[in-house]
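The structure appears right after this line, and notes come after that.
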Amino acid sequence: MKRWLGVAIAIVWLAASPLRAGTADRVFGDGFDPPGDLPTGRADAARFLAQASFGGTPAQVDALMVSGFNAWFDTQFAQAPGYVLPYMRQAAGTADPLQPLPFHLYRQAWFVRVLSAPDDLRQRVAFALSEIFVVSERGAGLGNDGLVLGAYHDILLRNAFGSYRQLLEDVTLSPAMGRYLSMYRNRKPDPANNIQADENFAREVMQLFSIGLIRLNPDGSPLLVGGQTVPTYDVAVVRAMARVFTGWACHCAAGQNCPPDPFVQENFTCSTEHAMVPYEAYHDRDEKRLFDGLVLPAGRDARSELEAALDALANHPNVGPFIARQLIQRLVTSNPSPAYVGRVAAVFADDGHGVRGHLGAVVRAILLDVEARQGHRLAPQTFGKLREPLLRLSQMWHAFDVMWEADELMLDDLDIHLRYNQSPLFSPSVFNFFSPGHAPPGPLANAGLVAPEMQIITANFAIAVTNDLGGRIFWAYRGGPMDEFDDRARLIQLDRWERSIAPPPGGTQAPAGALEQLVGQFDELLLGGTMSAPLRERILTRLRAIPAADTLKRVQNAIYLIATAPEFAVQR
Amino acid sequence: MNLDRIAPGRRRFLQRSLAALAGGSGFFAAPASLALLNHAWAQQSDRGGDYKALVCVFLLGGNDGHNLIVPRGAAEYAVYAHRRRGLTIPQAQLLPIAPLSGAPYALGLHPAVPELAQLFESGQLALIGSVGALLEPVSRPQYDQGSARLPPQLFSHNDQQDFWQSLEVRSPVDPTPASGWGGRIADLLHDGANPQATVAMNLSLAGSNAFQVGRRAQSLTVDTGTIRAVENDRDPVAAAEFEALLAQSQVNLLADTYRLSLKDAIDDYRTLQGVLAAVPPLATAFPAPPAVGAPAADRFAHALGSQLRRAAELIAAREALGHRRQIFFCSLGGFDTHDAQMADQPELLAGLSRALHAFHAATLELGVAQQVTTFAVSEFGRSLTSNGDGSDHSWGNHLFVLGGAVQGRRIFGQVPDLAAGSADFAGDGNLIPRIAVDQYGATLARWFGVDPGQLSSLFPNLPAFDQSDLGFMRSA
């Protein structure tokens with residue numbers, strides 16, 4: 001039954017828009033199968049895994065071919081989260097939950113989890129959430145604090161398939177966010193001393209984490225009244241909200257030497273893993289007028305008021321389309337149709353069992369939507385997204401069965417942001433590495449389209465990523481120079497591909513059709529079967545110019561010319 | 001370079017002085033060096049020829065201007081201290097300045113910016129008071145009654161960063177792509193001023209930005225480190241094949257955008273490699289990379305200084321680049337001091353001050369101090385009131401302009417009355433800008449060579465204001 005859900009959605013989508021009539025003919029009348037539960041081939045499976053994980057390995061592609069999409073989701077949802085803090089503590093050789101941990105252990109844990117944990121979907125969604133609910137090591141008060149940031153990452157992992165409302169609360173009360181947006185130790189106004197409540201978190205929780213600046217239609221398009229957008233809130237609401245989020249500071253664990261009143265003296269000796277706790281003396285108990293006429297009456301304690309405010313945010317009609325659109329952008333395509341956003345927002349509103357904000361259902365709806373599954377065929381000119389720089393690397397690594405001996409990171413990976421302009425929990429500001437609305441000047445902007453990731457792929461980084469990928473393909477493979485040199489190197493494994501094109505004993509040429517087959521398989525794994533004819537021809541010409549006995553160089557050239565090509569820079 | 005024509009012995013002395021100027025302590029130990037430098041600058045004032053550069057330094061997060069320019073006289077300081085409470089800078093620590101005009105009362109600068117104070121006193125730097133995002137002049141009653149037409153989302157970081165750079169109010173259904181005023185200036189001037197240009201005149205040392213997006217003109221992000229083209233030392237033929245593939249246009253618009261951008265990047269970086277390799281090293285010392293455990297100020301000084309150093313190198317390379325007009329974009333982040341402001345802002349300002357000081361010394365060394373104007377930008381000012389440990393998003397702000405062509409040691413715009421109930425502040429406590437970003441930008445653009453008749457096409461809100469030239473630049 002589930003396999004027909006996508007079809008039903010497709011029909012609703014197509015029927016809803018007369019403009020789509022031509023599309024319907026193409027979908028159903030021109031040899032395209034409606035989205036089914038089984039991938040149509042290895043290319044389709046790999047394409048799905050590029051959207052749903054950090055990249056499919058050949059074995060994962062094969063497994064998905066057999067299991068089908070929905071069983072894959074069920075397995076992923078049931079998979080135990082690969083939390084980073086336990087890993088970090090083990091790597092640091094400590095069992096003490098209060099022991100500070102350096103940030104490099106978080107980076108190491110991230111690389112290890114992302115490249116080897118079985119909960120691929122959860123890791124991928126948590127990464128996407130980390131780009132919406134942004135905290136960063138570069139923020140004040142978080143420098144080199146691996147403990148607080150690892151704990152934050154685990155919050156995202158824990159809630160990735162759970163309730164949006166719970167995620168919002170866990171993020172709000174996390175010491176990482178508390179410090180990053182200074183809600184930590186935010187106190188009630190003190191008019192006698194001309195002190196107001198801190199507006200930082202109040203503003204961003206609305207603008208970035210929940211409802212956004214302007215009212216949205218259910219399909220994510222801006223609501224227009226007389227041609228004008230309508231603000232969701234004003235300055236007075238920000239100030240009221242700032243007073244809601246007063247009175248929170250650290251939790252003092254047993255055995256800790258905490259200051260009796262962290263609002264007076266605070267030195268971050270409290271637990272950074274535990275959610276913040278209320279200190280009522282510093283909470284504002286006056287009435288607060290929020291958006292849409294909502295009033296929080298006077299006299300409420302910190303927690304019940306915070307719960308009420310978060311309920312109001314989570315129930316605001318903007319949240320579904322606002323979060324749906326951004327998750328679609330992170331996973332599938334930069335320019336989703338309003339109908340696609342609307343379908344996912346509808347699942348956010350009700351997962352089919354009357355549950356609002358069920359993120360697992362939202363993620364499934366995003367990835368199984370007809371636009372996700374067929375967009376590259378329906379709209380080849382505009383569908384897809386620039387791969388985030390880190391995802392270009394992770395997908396190349398997965399496709400070639402990355403392995404390593406020591407978990408520690410080489411300097412190149414520790415400082416990966418210097419070449420990729422990106423590293424987990426390392427955004428330059430709460431506005432993420434790139435903005436969801438970034439439109440690079442030129443044909444895209446002229447067409448009214450956005451390409452958020454392009455904001456960090458500036459000239460220097462476009463070159464740096466290209467060179468870095470080349471370096472990894474030509475130096476960091478099993479049996480190669482980096483393998484000899486450094487057991488921390490992440491190595492791709494090329495033997496099986498080399499064997500497939502090795503001349504038979506006594507022969508001087510690759511087996512007939514072997515090169516074509518090699519490139520075809522790489523097309524499936526890396527490009528989801530979308531390789532253009534000119535790219536294929538060019539690669540084959542290049543491979544034929546390399547002596548057949550040099551199988552390594554042939555394989556490396558094939559990977560290099562795909563991984564650095566504009567076609568691989570875009571996930572379609 | 002530009003010191004070539006000075007007699008060798010004198011040149012070495014001058015270089016040592018410049019190094020001392022940029023280095024910090026040596027300069028303050030020997031203030032006479034400044035007179036020497038001004039003299040050298042006067043001698044070299046015609047060396048730049050018809051060349052001009054604008055350097056935008058974006059203080060990301062919203063710098064607290066209320067603590068950049070501070071009342072120093074007893075009465076006004078008492079008001080300041082009463083209003084700011086925990087954000088008050090001790091009176092004795094303020095760096096006194098003696099403006100030639102524009103100061104309603106005695107003023108001092110933040111103690112962390114001694115270099116900027118020196119540049120002000122020596123006539124190289126002007127302060128701009130109460131500048132901010134405006135569509136039209138706004139009075140307190142208009143704002144308080146809600147009848148003022150205002151830029152959208154006044155207190156939101158990204159919206160105000162966009163507005164400061166674009167000056168556009170865009171409807172979500174507007175099909176015209178956004179542009180920034182640096183880009184629009186290039187649209188107008190690039191072809192005429194830089195007919196031999198080998199790369200774009202809009203050069204960013206701080207990545208993508210809205211300021212340099214032109215309707216036609218391109219911009220280029222230049223790395224602050226080693227300039228590299230695409231290379232593959234293990235298989236150069238593969239790299240050549242990769243490049244050949246970039247000639248193949250892509251059906252998918254995103255892929256084609258990436259293709260064109262990478263292709264341009266490789267061409268431009270090859271050009272830059274050659275051009276920058278031919279630039280003699282600058283004698284001016286820029287802030288060094290921070291040592292482990294060094295104060296945050298060292299980190300900020302280096303973060304901005306490395307951008308400004310590369311800008312100085314690109315200025316030195318202007319002839320080889322075919323540039324008679326250049327616009328640079330730099331940024332320094334961290335000014336969103338909701339928290340721990342009294343600990344963090346001094347480090348930021350100290351880094352800013354040192355980096356700018358080195359850059360100004362470099363323009364002197366290159367003989368282009370009169371041709372290069374550096375201007376500060378920040379998305380908004382901050383609340384006068386404290387939130388206990390910091391300040392929140394607000395509106396009007398105080399900024400500065402630096403360079404040999406600036407009418408220095410003066411204050412333009414308005415230094416506000418900080419008293420409670422002052423008409424300079426709105427009822428909700430936000431400082432009402434008296435100068436629009438459009439006026440600030442138009443004054444710079446006019447100096448840069450934009451025809452007065454063209455200003456309103458670059459600065460869409462300018463017609464709403466009486467003054468299109470605030471007078472802080474000497475006439476060209």
Side-chain angles (χ1 to χ4, degrees), chain A residues 140-141 182 187 193-200 203 207 213 222 227 229 235 334 380-382 384-386 428-429 431 435 439-449 451 454-455 457-460 462-463 466-467 470 474-475 534-535 538 542 553 557 560-561 564-567 569-570 572, chain B residues 60 83 85 153 155-159 171-173 175 177-178 207-208 213-214 220-223 228-232 234-235 238-239 241-242 244-246 248 250-262 264-266 268-269 333 338-340 344 383 385-388 390 392-393 428:
Chain A
S182 54
R187 60 183 74 191
N193 285 308
N194 209 21
I195 291 172
Q196 304 188 355
D198 188 315
E199 297 166 11
N200 201 9
R203 185 180 295 281
Q207 178 172 340
L213 289 166
T229 57
V235 173
S334 297
Q381 290 189 310
T382 56
K385 60 182 287 257
L386 264 300
S429 81
F431 293 92
S435 152
L444 270 176
N446 295 344
L449 301 172
M454 202 64 196
Q455 196 172 348
I457 310 177
T458 49
N460 48 338
I463 292 170
T466 302
N467 285 337
F474 283 91
W475 290 89
L535 178 57
R538 193 105 202 179
R542 169 66 187 142
K553 195 167 180 179
N557 266 263
Y560 176 73
L561 292 176
T564 59
E567 290 176 39
V570 175
R572 287 182 295 153
Chain B
L60 293 164
R83 299 277 284 156
R85 305 299 171 119
Q153 309 296 351
F155 311 103
S156 146
H157 285 292
N158 54 349
D159 293 86
S171 148
V173 290
S208 303
V213 174
L220 172 65
T221 293
V222 180
D223 204 288
R228 294 187 191 283
V230 168
E231 51 205 35
N232 185 338
R234 297 272 286 180
D235 192 343
E241 284 296 308
F242 150 79
L245 275 164
L246 295 181
Q248 183 69 46
Q250 295 289 314
V251 172
N252 184 279
L253 267 178
L254 295 119
D256 211 45
T257 297
Y258 174 83
R259 174 185 76 87
L260 289 169
S261 139
L262 181 51
D264 287 349
I266 292 170
D268 289 343
Y269 271 47
H338 289 277
D339 208 17
D344 294 345
S383 61
T385 50
S386 162
N387 63 28
D392 288 319
H393 304 184
D428 62 11

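Here is how names work: the chains are called A, B, and so on, in the same order as the sequence lines, proteins then strands, and each is numbered from 1.
- Formation of a donor-acceptor pair under 3.5 Å by the N252(B) side chain with backbone atoms of P380(A) is found in this model.
- The nearest pair of heavy atoms linking Q455(A) to S208(B) is O-OG, 2.7 Å.
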| message | Using the rule given for side chain to side chain contact (heavy atoms under 4.5 Å, CB included), can you reason through V230(B) versus N467(A), listing the C-alpha separation, both sets of side-chain angles and the distance that settles it, and then say yes or no? | response | CA-CA 6 Å; V230(B) 168; N467(A) 285 337; 3.7 Å; yes
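- The shortest non-hydrogen separation linking F242(B) to L561(A) is N-CD2, 3.6 Å.
- There is no contact between A439(A) and chain B, counting heavy-atom distances below 4.5 Å.
- The contact between Q207(A) and chain B is made entirely by side chain atoms (from C-beta outward), counting heavy-atom distances below 4.5 Å.
- Using a 4.5 Å cut-off between heavy atoms, A340(B) makes no contact with chain A at all.
- Heavy atoms of S435(A) lying under 4.5 Å from chain B are absent altogether.
- Between the side chains of N194(A) and R85(B), no donor N or O sits under 3.5 Å from an acceptor N or O.
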| query | Where do S261(B) and M454(A) land on the side chain to side chain contact (heavy atoms under 4.5 Å, CB included) test, with the steps shown first? | reply | CA-CA 10 Å; S261(B) 139; M454(A) 202 64 196; 3.2 Å; yes
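- Contacts between Q248(B) and chain A at a heavy-atom distance below 4.5 Å involve the side chain alone, from C-beta outward.
- Heavy atoms only, all atoms of each residue included: R234(B) and W475(A) are closest at CG-NE1, 3.2 Å.
- Closest of all the heavy-atom pairs between Y560(A) and A238(B) is CE2-O, 3.4 Å.
- If you measure heavy-atom distances from E241(B) to chain A, the contacts under 4.5 Å come from both the backbone and the side chain.
- Donor-acceptor pairing under 3.5 Å is recorded for the side chains of D235(B) and N557(A).
- In this structure, the portion of P440(A) lying under 4.5 Å from any heavy atom of chain B is its side chain and not its backbone.
- When heavy atoms are compared at a cutoff of 4.5 Å, T466(A) approaches chain B solely by way of its side chain, counted from C-beta outward.
- Heavy-atom distances place both the backbone and the side chain of F474(A) under 4.5 Å from chain B.
- Two residues are said to be in side-chain contact when any heavy atoms from C-beta on lie closer than 4.5 Å; D256(B) and P443(A) fail this criterion.
- Using a 4.5 Å cut-off between heavy atoms, N232(B) contacts chain A through its side chain alone, with no backbone atom that close.
- Both the backbone and the side chain of A239(B) have a heavy atom closer than 4.5 Å to some heavy atom of chain A.
- In summary, the side chains of Q196(A) and S383(B) do not present any donor paired with an acceptor at a separation below 3.5 Å, with no hydrogens or angles considered.
- Of the two parts of Y269(B), only the side chain, counted from C-beta on, holds a non-hydrogen atom closer than 4.5 Å to a non-hydrogen atom of chain A.
- Chosen from N158(B), L60(B), V213(B), the residue pairing most often with chain A at heavy-atom distances under 4.5 Å is N158(B).
- The candidate with the highest count of non-hydrogen atom pairs below 4.5 Å against chain B, out of V235(A), V570(A), L449(A), is V570(A).
- Taking every heavy atom of both residues into account, A459(A) and L220(B) meet most closely at CB-CD1, 3.8 Å.
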| said: Is there a side chain to side chain contact (heavy atoms under 4.5 Å, CB included) between S334(A) and L254(B)? Walk through the geometry before answering. | reply: CA-CA 9 Å; S334(A) 297; L254(B) 295 119; 4.2 Å; yes
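- The 12-atom threshold is not exceeded at CD of Q381(A), counting heavy atoms of other residues, nucleotides or ligands nearer than 6.0 Å.
- Among L246(B), D268(B), L262(B), D264(B), the residue with the largest count of heavy-atom pairs under 4.5 Å with chain A is L262(B).
- Nearest approach of D392(B) to A197(A), heavy atoms of both residues: OD2-O, 3.3 Å.
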